[in-house]
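All remarks here apply to the structure that follows.
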Amino acid sequence: MNFPILSSLILLPTLGAIFILFTNSSNKKYQSSKYVALFISLANFLLSLYLWFIFDKSSVEFQFLENREWLSGYINYKVGVDGISILFIILTTFITPICIISVNATIKNKLKDFLIAILIMETFMIGVFCSLDLVVFYLFFEAGLIPMFLIIGIWGGERRVYSAFKFFLYTLLGSVLMLIAIISIYWIAGTTDVEKLYEVGIDAKYQNLLWLAFFSSFAVKTPMWPVHTWLPDAHVEAPTAGSVLLAAILLKMAGYGFIRFSLGLFPLASEYFVPLIFILSLIAIIYTSFVALMQEDMKKLIAYSSVAHMGFVTLGIFTMTQQGIEGSIFQMISHGLISAALFLCVGVIYERHHTRLISEYGGLVSVMPRYAVVFMVFTLGALGLPGTTGFIGEFLILMGTFKKNFIVATIASLGVILAAAYMLWLYKRIIFGEIVNQNLKLMVDLKRFEIVILFSLVLPIILFGFYPEPLMDTIKVSVGNVLEMYNLNINSNIAYNN
Amino acid sequence: MEYLILFLPLIASIVSGFFGKIIGDKPSQIITSLFVSVSAILSFIVFFKVINDGYVNNLIIATWINSGSLNVNWSINIDALSSVMLVVVTLISSLVHIYSIGYMSHDPNKPRFMSFLSLFTFSMLTLVTSDNFVQLFFGWEAVGLCSYFLIGFWYKKESANAAAIKAFIVNRVGDFGFALGIFLIFYIFGTVNYGEVFNQVPEVLDKHIVFLGIKANSIDIICILLFIGAMGKSAQFLLHTWLPDAMEGPTPVSALIHAATMVTAGVFLIVRCSPIYEYSELALSLITIIGMITAFFAATVALVQTDIKKIIAYSTCSQLGYMFFATGVGAYNVAMFHLFTHAFFKALLFLGSGSVIHSFKNEQNINQMGGVWKKLPYTYALMMVGTLALTGFPFLSGFYSKDAIIEFAYLKGNNIGIYAASIGILTALLTSIYSWRLIFKTFHGNYNNSKINIENLHESPLVMLAPLLVLAVGSIFAGILFKELFIGHELSYDFWSTSIKFLEPLSKNHPPTWFLFLTPSIVVISIPISFYLFVYNKNIVEEIVKMNKPLYIFLQNKWYFDELYNTIFVKPSKRLGIFLWKKIDGSIIDRFGPDGISNLIKNFSIRAVKFQSGFIYQYAFVMLIGFSVLLTLLILN
């Protein structure tokens with residue numbers, strides 16, 4: 001492989017950002033910088049599709065490897081993808097153009113800077129999903145905080161500063177521990193190259209502490225209970241495009257990290273901490289579902305539902321079963337699409353009516369029938385109806401969980417009932433009923449660009465709901481490999497102890 | 001052909017749903033009705049092929065979910081059981097489609113309505129033609145969704161929206177059990193395909209699992225979990241509360257979904273899983289008991305309701321109870337037979353009542369009607385047929401199926417069977433009374449409506465009456481024609497072949513003659529009695545009501561289930577939500593977490609600021625103290 005396709009994917013958005021930086025920022029050119037950003041992000045999307053196309057699904061190896069010397073022999077810039085990371089890369093490159101189109105309506109000032117922030121963000125997010133060196137991973141992982149922090153802090157709502165700091169405080173706290181852990185790994189194993197670490201393994205006596213350090217970072221980003229309270233605030237204050245990126249991709253970095261690093265590097269610790277993860281996941285699913293039920297603010301409701309959905313993800317990963325992990329990956333992709341869509345939907349009516357309070361709405365179906373239809377599709381996806389991607393993720397996760405523990409699976413299944421309750425109630429209050437407010441009568445139905453972005457989300461949600469094979473087929477071998485390595489480690493340790 | 005049966009309704013739904021505005025009302029009504037009717041004709045062809053040649057077929061359409069050892073396909077599976085369901089679903093559906101053209105003639109959203117009806121038909125067909133539990137679950141939830149859409153079709157009505165959500169969520173509670181059942185099936189058998197699961201059942205009889213702290217036979221647990229799903233969908237006791245509320249939807253919907261097809265999916269599920277249920281004595285007993293209670297409970301509530309549709313809804317609930325206890329005593333084919341005949345007469349009653357409601361301009365209270373049988377002669381006659389069939393009047397279809405259930409329960413010979421038979425007979429009496437009460441209060445006596453002049457009432461159009469006529473023919477002849485095929489001693493085993501499993505063949509004995517005559521005579525005698533009570537001399541009923549006021553109120557409030565659930569589920573959930581949000585998230589996690597830390601740092605730095613006062617004498621004083629402490633320590637050491 002001569003052409004560095006992964007580095008191109010990573011760097012292309014940054015180049016675009018630099019280009020936009022140097023364009024004239026007079027009012028008229030604002031529009032053109034948007035087209036540049038859109039063009040760049042679409043090109044990146046096509047490139048990632050091409051990557052998917054030429055990717056060999058039957059191989060367990062990392063592919064498109066690039067390994068460049070960086071810090072003279074100590075740390076290398078190493079990137080590569082397997083079936084798991086490739087889907088997240090495509091999710092990222094798919095969501096970014098949608099965000100860029102959506103800023104049409106929401107961002108009134110400093111559009112140029114906003115676009116730069118989004119493109120830089122894309123670079124970091126793609127970087128996270130293909131880095132194969134812990135230090136490189138860490139850099140991308142943490143750097144992603146900065147544009148997000150700015151997006152919330154500059155373009156956010158009234159309490160944006162509070163939310164931005166809360167977001168930063170939480171996430172940084174976890175990351176510091178992860179940094180310490182990465183440094184320790186370097187001293188213990190002599191390398192931060194992920195592939196090499198997979199081979200040599202990490203001494204059992206260090207695993208628990210290291211696992212906890214990584215966990216503290218991932219748990220915040222997921223977010224898991226009880227470190228979830230930054231998410232609703234961040235979502236509420238973030239502009240629509242920011243919420244979309246946050247929900248669709250930023251939250252997935254942690255889930256990805258659990259699979260790639262927690263299971264891969266610390267299998268014994270992962271096994272040891274399964275009860276902890278199960279309990280926290282269950283609390284997340286049930287607890288936040290109840291909280292979501294009573295929210296008065298649409299964005300908060302969806303944010304809390306995200307916590308519940310991510311609870312399924314963490315649950316599935318630590319079942320260490322093929323169904324559980326595949327389900328978790330699928331659920332992450334699905335949630336990426338559905339939550340992005342839901343936040344966009346909220347953005348659509350927020351932009352028209354300037355409030356997020358559910359009680360201010362009602363009877364929208366009479367004035368916005370098209371909106372009602374797409375919003376219904378996303379609602380159904382969020383409550384996991386068969387025929388949408390939401391179902392397949394949850395179903396596989398629960399099936400995997402059931403193999404491990406009946407009671408955990410039973411309790412988690414209750415979350416599915418609650419999801420139906422809070423989503424349908426939300427939908428009913430906004431869309432059905434009589435029009436409660438005269439101003440609502442003036443609301444116009446979806447504009448053309450809104451139809452484009454929302455429909456491009458409807459399509460994969462339904463398509464992969466009925467025919468998930470393309471995705472399942474991509475991750476199958478890689479997940480199998482993760483599990484095989486994991487079981488090998490566990491078994492050899494048991495043999496060793498005996 | 002199977003593809004056409006399945007996908008014609010879907011195509012019709014898409015055309016009418018997405019292009020209804022473009023092509024107009026009439027074409028969408030015609031396209032949906034036509035496509036579903038073609039599907040119905042093809043279903044009959046398949047049905048007769050199954051009867052004559054024992055035709056079976058299993059078509060794999062595509063892979064759906066493939067993960068590890070889990071392999072699920074989209075499939076069309078044809079055997080005796082699914083062919084019966086195909087006929088019931090597509091026939092009733094096409095009649096309801098046609099009827100809706102007339103019934104919804106004043107509604108502005110006709111294409112949307114037709115689209116939902118067709119979509120429902122498609123969903124129901126995927127449910128019955130599945131060859132695995134997951135596609136069954138897909139259909140199961142999809143019909144629930146269509147039911148949600150159609151109950152809430154008049155979306156401006158607050159009560160309709162509430163009923164729609166209630167229906168969906170109560171069904172989800174059932175689905176929760178169903179899904180766990182599927183997980184357990186996969187856990188035990190390693191597959192979710194009917195055939196593979198059913199073949200393995202005899203091998204895993206001794207497998208025990210510990211579930212919620214109780215060690216139990218895995219087959220028992222699977223059966224009970226699946227039954228919970230069936231209870232939700234078929235509105236059985238404890239999970240029945242959504243069905244009466246679902247009457248908020250347009251009447252054709254009630255006929256199709258909440259009487260003839262969707263609600264019978266639970267019965268279908270049990271019958272489909274007969275190869276598992278046959279091995280679980282425990283689950284079968286539970287089903288019998290729940291079925292018995294439902295049959296009786298719903299009939300008592302139906303006695304005192306005044307909304308014409310709610311009476312029929314409770315009646316449906318009660319009849320479903322019959323079907324369940326039939327499966328509970330192992331008479332799966334009899335349950336299917338009752339499902340089959342019930343579809344005709346219950347759809348007839350619903351559509352008939354729709355015709356009445358249509359004439360009365362959306363009045364549903366039977367106290368606001370009366371004395372109109374001359375004004376609505378066709379509706380009256382057709383409703384009569386439906387009522388006679390429902391009550392089990394001799395030689396109409398209900399007579400064959402319902403009496404067969406009671407007989408087989410009796411022949412079961414054990415305690416539960418005898419109880420079931422007695423409850424069945426008692427409920428048959430109640431059924432007659434409430435059914436005739438409905439007829440007499442609606443069509444006989446004095447005209448009681450003050451809003452509409454009796455002269456302005458007119459009979460429904462032909463497009464509504466014609467489907468009723470077809471159903472009436474079915475209600476009369478379905479029993480006698482298909483009796484041998486469904487429950488006959490010789491023919492039925494051949495017909496059902498492998499789709500229903502009987503561990504032991506059903507008893508061929510006959511119950512004593514007095515027993516055979518008991519139910520029909522009760523049914524026949526109750527007609528004049530009802531007439532006397534509800535038309536001729538109403539004082540007696542009023543006296544009874546007065547004497548038993550508490551009981552009457554108890555029944556009128558439907559045994560207070562809604563209030564009970566509201567108190568123990570809905571309100572606490574809301575309170576819990578508020579508590580977790582405000583108290584735990586707000587007052588604990590945030591207060592001691594991020595806000596606490598930032599406050600701590602802030603306070604700390606405010607204190608730290610005080611150290612840097614800028615006065616030399618303070619610094620000098622601190623230095624002096626420090627110096628002396630150090631010195632003291634050094635000296636002491």
For the pair B:Asn132 (side chain) and B:Asn73 (backbone), establish whether a donor and an acceptor sit closer than 3.5 Å, ignoring hydrogens and angles. yes

Side chain to side chain contact (heavy atoms under 4.5 Å, CB included), paired with B:Leu184, selected from B:Ile219, B:Leu226, B:Ile222: B:Ile222

Which atoms of A:Phe330 approach chain B - backbone, side chain, both or neither, heavy atom under 4.5 Å: neither

Please classify the contact of B:Leu145 with chain A as side chain, backbone, both or neither, using a heavy-atom distance under 4.5 Å. side chain

Assert top hit (heavy-atom pairs under 4.5 Å, partner chain A, pool B:Asn171, B:Ile65, B:Asn66) equals B:Asn66

Any side-chain heavy-atom pair of A:Thr229 and A:Tyr170 under 4.5 Å: yes

What part of A:Phe165 gets within 4.5 angstrom of chain B, counting heavy atoms only: side chain, backbone, both, or neither? neither

Among B:Asp131, B:Thr129, B:Thr126, side chain to side chain donor-acceptor pair (under 3.5 Å) partner for B:Ser75: B:Asp131

Let me know if A:Trp230 has heavy atoms under 4.5 Å from chain B in its side chain, its backbone, both or neither. neither

Could you state the interatomic distance from OG (A:Ser306) to CG (A:Leu231), rounded to the nearest 0.5 Å? 6.0 Å

Which of the residues A:Tyr287, A:Tyr467, A:Phe395 is involved in the greatest number of heavy-atom pairs with chain B at under 4.5 angstrom? A:Tyr287

B:Phe18 versus chain A, the contacting section by heavy-atom distance below 4.5 Å: neither

Leading residue by heavy atom contact count with chain B [cutoff under 4.5 Å; candidates A:Val227, A:Leu293, A:Leu414]: A:Leu414

How many angstroms lie between atom CG of B:Leu119 and atom OG of B:Ser16, to the nearest 0.5 angstrom? 10.5 Å

Is A:Met399 in contact with chain B via its backbone, its side chain, both, or neither, using a 4.5 Å heavy-atom distance? both

Is it true that B:Asp175 and B:Trp140 share a donor-acceptor pair across their side chains at a distance under 3.5 Å? yes

Turns out that what part of A:Glu326 lies under 4.5 Å from chain B's heavy atoms comes down to side chain

A:Lys403 versus chain B, the contacting section by heavy-atom distance below 4.5 Å: both

Quick one: do the B:Trp154 and B:Asp107 side chains pair a donor with an acceptor below 3.5 Å? yes

Counting only heavy atoms closer than 4.5 Å, note whether B:Val72 contacts chain A via side chain, backbone, both or neither. neither

For the side chain of A:Arg429 and the backbone of A:Ser359, is there at least one donor-acceptor N/O pair under 3.5 Å apart? no

Looking only at the side chains, is there a donor atom on one of B:Thr63 and A:Glu469 sitting less than 3.5 Å from an acceptor on the other? no

Most heavy-atom pairs under 4.5 Å with chain A, out of B:Tyr148, B:Tyr187, B:Phe138, B:Phe183, belong to B:Phe183

With a 4.5 angstrom heavy-atom cut-off, could you sort out which part of A:Leu169 is near chain B: side chain, backbone, both or neither? side chain

Could you look at A:Leu396 and say if it's the side chain, the backbone, both or neither that has a heavy atom under 4.5 Å from chain B? side chain

Counting only heavy atoms closer than 4.5 Å, note whether A:Leu383 contacts chain B via side chain, backbone, both or neither. both

With A:Trp225 as partner, the option from A:Leu282, A:Leu280, A:Val307 fulfilling side chain to side chain contact (heavy atoms under 4.5 Å, CB included) is A:Leu280

Go through A:Met376, A:Lys166, A:Gln295, A:His228 and name the one with the most non-hydrogen pairs under 4.5 angstrom from chain B. A:Gln295

Let me know if B:Glu158 has heavy atoms under 4.5 Å from chain A in its side chain, its backbone, both or neither. side chain

Please work out which of the three classes, parallel, tilted or perpendicular, describes the rings of A:Phe406 and A:Phe402, given edges at 30° and 60°. tilted

Counting heavy-atom pairs closer than 4.5 Å to chain B, which one of A:Phe290, A:Tyr304, A:Trp425 comes out on top? A:Phe290

With a 4.5 angstrom heavy-atom cut-off, could you sort out which part of B:Val570 is near chain A: side chain, backbone, both or neither? neither

